[in-house]
**Student:** 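Please read through the structure below; I'll follow up with questions.
These numbers come from a predicted model, not from an experiment. Quick note on labels: first sequence line is chain A, next is B, and so on, each numbered from 1. Values below: all heavy atoms of this structure, side chains included; hydrogens, waters and symmetry mates excluded.
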Number of protein chains: 2
Amino acid sequence: MLIETPGRDTASLFAALGDRTRLSLLTKLSDGQTRSIAGLSAGTDLTRQAITKHLRVLEEAGLVISSKVGRESQFAFRPEPIDDIRAYLDSVSQQWGDALSRLRAFVKT
Amino acid sequence: MLIETPGRDTASLFAALGDRTRLSLLTKLSDGQTRSIAGLSAGTDLTRQAITKHLRVLEEAGLVISSKVGRESQFAFRPEPIDDIRAYLDSVSQQWGDALSRLRAFVKT
DNA sequence: ATAAAACGCAACTTCCTGGTTGCACTTTTC
DNA sequence: GAAAAGTGCAACCAGGAAGTTGCGTTTTAT
């Protein structure tokens, strides 16, 4: 059987999560509450602009969605891409598990 | 309840996976077979050195382990960190799920 | 109607990343 | 023992990422 090469978007997904600030933003938003940029910047030692950039990265990865409400733009968590990541982890884990099984069978012989 | 901020190493784990080349290397190695740098470089359009650098990144993240055997260094998949990633995804998903539950309960009232 | 809040855009800086090349070193192989 | 295979190390380069500052625009509040 062919080894399935992971899609390019899977890598970008991981890359979007590969930053402490973004990870923390996503963790906050995962409680289902919608937050503005100012709200997400409060309590951070970063600039509002920096937070904005990170949010755009998360949005491009599909992990977050934004909509303008009045003068502020609200961001919300979007869980769908998480499944893609799980799918990759599962495929890797399964291959690894299969290898272990074969190894055990071989040793027992 | 406090929102648990993800550890800094979780971010580096994601970062290590946030590259197509590294993702592909890890996918190959996840079949349990040990491979040399030359073996992993074969079939790639990249230099052996580039592959080496990627392998070092994976190794620092703990996703791979290496050992010198004669003149070549063998790399093997290391599944433990995968659980850390799953743990993060689960925590995020659970928070999200809880939020949905509360929302449904509220609407039904 | 003014002031303040919340944001977008753009320029700029700094640092990291992905990648290459060149060379030296150690093991194998013939 | 000489050639070839497999690496490691260091320098170097281009481009992208993270972050800041400055300024203009649109809403909201007083």
**Student:** Donor-acceptor pairs are to be reported for all side-chain atoms of residues 44-52 of chain A against protein atoms at under 3.5 Å, with residues two or more places apart or in another chain.
**Tutor:**
residue, atom, partner, partner atom, Å
Thr44(A), OG1, Leu40(A), O, 3.4
Thr44(A), OG1, Ser41(A), O, 3.1
Thr52(A), OG1, Arg48(A), O, 2.8

**Student:** Applying side-chain contact (heavy atoms from CB on, under 4.5 Å) between Leu26(B) and each of Leu63(B), Asp19(B), Thr21(B), Leu55(B), report the one that passes.
**Tutor:**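 Of all the options given, the one that passes is Leu63(B).
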**Student:** Are there runs of at least three consecutive Watson-Crick or G-U pairs touching DNA chain D, with each pair's two distances under 3.5 angstrom? Give them by first number.
**Tutor:** C:1-30 with D:1-30
**Student:** Round to the nearest Å and state the distance from Glu60(A) atom CD to dA18(D) atom P.
**Tutor:** 13 Å
**Student:** Asp98(B): which residues meet the side chain to side chain contact (heavy atoms under 4.5 Å, CB included) condition with it, sequence neighbours left out?
**Tutor:**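 Counting only residues at least two positions away or on another chain, Asp98(B) forms a side chain to side chain contact (heavy atoms under 4.5 Å, CB included) with Gln94(B), Arg102(B).
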**Student:** Mind checking side chain to side chain contact (heavy atoms under 4.5 Å, CB included) for Ala87(A) and listing every partner two or more places apart, or none if nothing turns up?
**Tutor:**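 Residues passing side chain to side chain contact (heavy atoms under 4.5 Å, CB included) with Ala87(A): none at all.
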**Student:** Which residues pass the side chain to side chain contact (heavy atoms under 4.5 Å, CB included) test with Ala15(A), sequence neighbours left out?
**Tutor:** none
**Student:** List for me each residue that meets salt bridge (charged side-chain N to carboxylate O under 4.0 Å, His left out) alongside Glu60(A), sequence neighbours excluded, and say none if there are none.
**Tutor:**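 With sequence neighbours excluded, Glu60(A) shows a salt bridge (charged side-chain N to carboxylate O under 4.0 Å, His left out) to no residue whatsoever.
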**Student:** Counting only side-chain N and O atoms of Thr47(B), is one of them less than 4.0 Å from OP1 or OP2 of dT20(C)?
**Tutor:**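 Yes, Thr47(B) has a side-chain N/O under 4.0 Å of OP1/OP2 on dT20(C).
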**Student:** Going 5' to 3' through nucleotides 5-18 of chain C, assign each nucleotide B (protein heavy atom under 4.0 Å from a base atom), S (under 4.0 Å only from sugar-phosphate atoms) or - (no protein heavy atom that close).
**Tutor:** BSBBB--------S
**Student:** Does anything in residues 69-79 of chain B form a salt bridge (Lys or Arg N to Asp or Glu O under 4.0 Å)? List the pairs, not counting sequence neighbours.
**Tutor:** Arg78(B)-Glu80(B)
**Student:** Can you list the residues that meet the salt bridge (charged side-chain N to carboxylate O under 4.0 Å, His left out) rule with Asp84(A), with sequence neighbours excluded?
**Tutor:**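 Counting only residues at least two positions away or on another chain, Asp84(A) forms no salt bridge (charged side-chain N to carboxylate O under 4.0 Å, His left out).
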